[in-house]
Amino acid sequence: MPSSPRHYLSLGHFRGRLTLWFGGLSLATLLSVGLYVGQIATQELEDFGGQTLSISARSAADLLASNLEERDKEIRLLRQIPAFTHGDLRAPQLGKQLDLRKQSSEEYAWIGIADLQGRVLQATDGVLVGLQVDQRPWFQAALKGPYTGVVHEALLLARQLPQSAANEPLRFIDFAAPILDDQGRLRGVLGAHAHWSWVTQTVESVVTRSASGRQIEVLIADKSGNILYPYKQLGKSLPPRQQRTAPYEVLRWDDGKAYLTSMAEVTAATSVSLDWQVVLRQPLEAALEPVQILRQQLLLFGLGVALLFALIAYRFAARVSLPIEQLARAVRHVERRDAEPVYPAGRQLHEISQLSGSIQSMTAALLRHEHQLEALNASLELQVRDRTEALSRANQALERLATIDALTGLNNRRRFDSRLVEGFQRLRRTGRGFCLILLDVDHFKRINDSHGHQAGDEVLRQLARLLSQCTRVTDFVARYGGEEFVVLVPDTQSDEEGLAVAEKIRQTVASAPFAVAGQATVSLGLSQALASDTSAAEVLERADRALYTAKQLGRNRVVTL
């Protein structure tokens, strides 16, 4: 074999190509496998993390519900002991009993007894004794029956208790029950303020045991999705859920980040339902952190294997380069027909044949795998498109169910509440007012009793059609509830414009024949939104009072306030 510079150049070029080929092929194969394994691991880890969050949220919600039920039951039982039912409520031993009860349970911040006028007679540590609590919601509610109240700040009580956190005011949850004698006569009210921190620590105690080091955050929200805990999130709302029956979802919160989220309702059988929900969320990147580590490990492993294959290829090329060069020259000679071709002799021809066969087999296998992956990708894309279209249709149907009244086809109460808030915000922003008409079918119970509920439903459907005919395209008509309907007339400067619409509705209904009931009338209450109103609720309250006045004045009339 000649040892010319051209020969060494060809030998080095062959070694380099073979080294890069084997190293690159092994790296690409391992990276493909790593991506596939990473995708599967991502899905499995997300499901595992979501199921774990769901179990923890459900456990925390159940424990909280149990504790709330125990406190509610405890207050209802405490007020039944003889010293309360027929003893002197001012007796010093009652105060001592209250102090002992508070000392045995750290969750209570205050327990007290108030007389029928709302003056505190007995209280733990003498706090608030002699003060009036007749305006407190818990006292007013407990005059009628046992009561469990929502979380709130008690400024009067908080001034006399140590502050637990510098940047967070003391908050409490109320438990109260009426004190009755043996004949069931009201003697006073037993009330208790439990620390809100007791509620939050109850939830945190369950979650902390399973959330160590995983950045899992605990939140408590009311039934409307308003966040009650932690305090730094107070005033914010939960993001809307896409699948309410799913144990967990990946939701994007107001900070723009995606979180693995699970929500569980607190179904506590207390005197008054609180309708809270425990929410656990974990940053999606934290939940999938093990997958990122796995991918990095696979990448390092792939690089190591690629270098190993490259080294083997280089050593192998050094051994087979000579016969391959001889074979290449022989092929060129055959192509040019300028000399007799000389082929590599001996066992080398057999080795080259095996190498060629191996490369051909490997190439064919890679092509088959590529075709299979292409077919699989096409199938997956089709399935994703079908599922996406089905989900879109389902979401549209859910949106309609959530905003349209099924009986009348009008907008429902939920949609009206949203439109009322929008109208009030527009009033604040631009000064463009609106009128609110609240109407009720007169003697609707008589229609149901005389003709049946199906006839009553038909009256409501026909009334909905009449309302749609009597109002403008820009007016908003909704079924408020039962036989009550509401019309929002936008862009009005006085109640005269709304009064014209209301009177038109009243006359149209009064003159319209109803298929089964024969004749029906409506009473209407009208309210004009004023610049002095502090909230949309004031406009609705005036319309409701106007409707009540119309009923009292004889029905089938319009009253404005």
Side-chain angles (χ1 to χ4, degrees), residues 64 66-164 169-202 268-272 274:
L64 178 56
S66 176
N67 287 349
L68 290 172
E69 292 171 3
E70 289 180 2
R71 299 289 79 75
D72 179 73
K73 182 178 180 181
E74 184 177 39
I75 294 301
R76 287 188 284 113
L77 292 177
L78 184 62
R79 54 97 182 227
Q80 296 178 9
I81 64 177
F84 286 86
T85 57
H86 54 267
D88 184 4
L89 297 182
R90 300 177 181 271
Q93 59 267 27
L94 284 185
K96 293 179 180 179
Q97 289 186 17
L98 296 181
D99 286 332
L100 289 175
R101 182 62 195 89
K102 178 176 176 292
Q103 292 170 8
S104 64
S105 298
E106 297 180 355
E107 61 268 23
Y108 288 120
W110 181 87
I111 307 175
I113 301 173
D115 61 16
L116 297 181
Q117 287 72 41
R119 180 175 296 276
V120 179
L121 303 177
Q122 300 279 4
T124 53
D125 302 322
V127 176
L128 303 185
V129 171
L131 297 182
Q132 287 292 133
V133 294
D134 56 313
Q135 299 300 316
R136 299 296 184 267
W138 63 267
F139 176 81
Q140 296 176 355
L143 291 175
K144 303 175 183 178
Y147 171 76
T148 301
V150 297
V151 58
H152 65 94
E153 297 182 20
L155 300 179
L156 188 61
L157 180 61
R159 295 192 191 102
Q160 304 187 43
L161 295 177
Q163 190 75 13
S164 59
L170 286 175
R171 295 194 289 169
F172 308 94
I173 176 174
D174 299 330
F175 298 93
I179 301 174
L180 307 176
D181 61 14
D182 295 338
Q183 286 74 40
R185 291 173 299 196
L186 186 63
R187 305 190 69 217
V189 169
L190 174 63
H193 293 321
H195 288 289
W196 174 242
S197 59
W198 161 69
V199 173
T200 60
Q201 288 171 5
T202 299
T270 52
S271 302
V272 178
L274 296 175

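Without hydrogens or angle criteria, Glu153 side chain to Leu170 main chain gives no donor-acceptor distance under 3.5 Å. Here the side chain of Glu107 pairs no donor or acceptor atom with the backbone of Ala194 at under 3.5 angstrom. The closest donor-acceptor contact from the side chain of Gln122 to the backbone of Ala91 lies under 3.5 Å.
The shortest side-chain heavy-atom distance between Leu78 and Leu190 falls under the 4.5 Å cut-off. With contacts defined as side-chain heavy-atom distances shorter than 4.5 Å, the pair Val120/Trp110 qualifies. Looking only at side-chain heavy atoms (C-beta outward), Gln97 and Ile81 come within less than 4.5 Å of each other. Leu98 places none of its side-chain heavy atoms less than 4.5 Å from the side chain of Leu94. Using a 4.5 Å cut-off on side-chain heavy atoms (C-beta onward), Leu186 and Leu143 make contact. The closest side-chain heavy-atom distance from Lys73 to Arg76 is below 4.5 Å. Counting heavy atoms from C-beta outward, Val189 and Val133 have side chains that stay 4.5 Å or more apart.
In this pair, His193 and His152 present their aromatic rings perpendicular. The plane angle is above 60°, beyond the 30 to 60° band.
Here the options are Asp174, Thr270, Leu68, the test is side-chain contact (heavy atoms from CB on, under 4.5 Å), and the partner is Thr148; only Thr270 passes.
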Item to check | Chi angles and distances behind the side chain to side chain contact (heavy atoms under 4.5 Å, CB included) call for Val199, Val151 | outcome: CA-CA 10 Å; Val199 173; Val151 58; over 6 Å; no
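A salt bridge links Asp181 with Arg185: at least one charged nitrogen is closer than 4.0 Å to a carboxylate oxygen. Ion pairing of Asp125 with Lys102 is present here, as a side-chain N (NZ or NE/NH1/NH2) and a carboxylate O approach within less than 4.0 Å.
In plain terms, the two heavy atoms of Asp99 and Thr124 that are nearest each other are OD1-CA, 3.0 Å. Contact record, Pro178 with Arg79: O-NH1, 2.7 Å, taken as the closest heavy-atom pair. The two residues Trp138 and Gly191 have their closest heavy-atom pair at CZ3-CA, 3.8 Å. Minimum heavy-atom separation, Arg187 to Thr85: CD-O, 3.0 Å. Shortest non-hydrogen contact noted between Ile75 and Ala192 is CD1-CB, 3.8 Å. Across all their heavy atoms, Val127 and Ala123 have their closest contact at O-CB, 3.0 Å.
To the nearest 0.5 Å, atoms OH (Tyr108) and CH2 (Trp198) are separated by 7.0 Å. Rounded to the nearest 0.5 Å, atoms CG (Leu116) and CG (Asp134) are 11.5 Å apart.
Surrounding CD of Gln80 are more than 12 heavy atoms belonging to other residues, nucleotides or ligands, all under 6.0 Å away.
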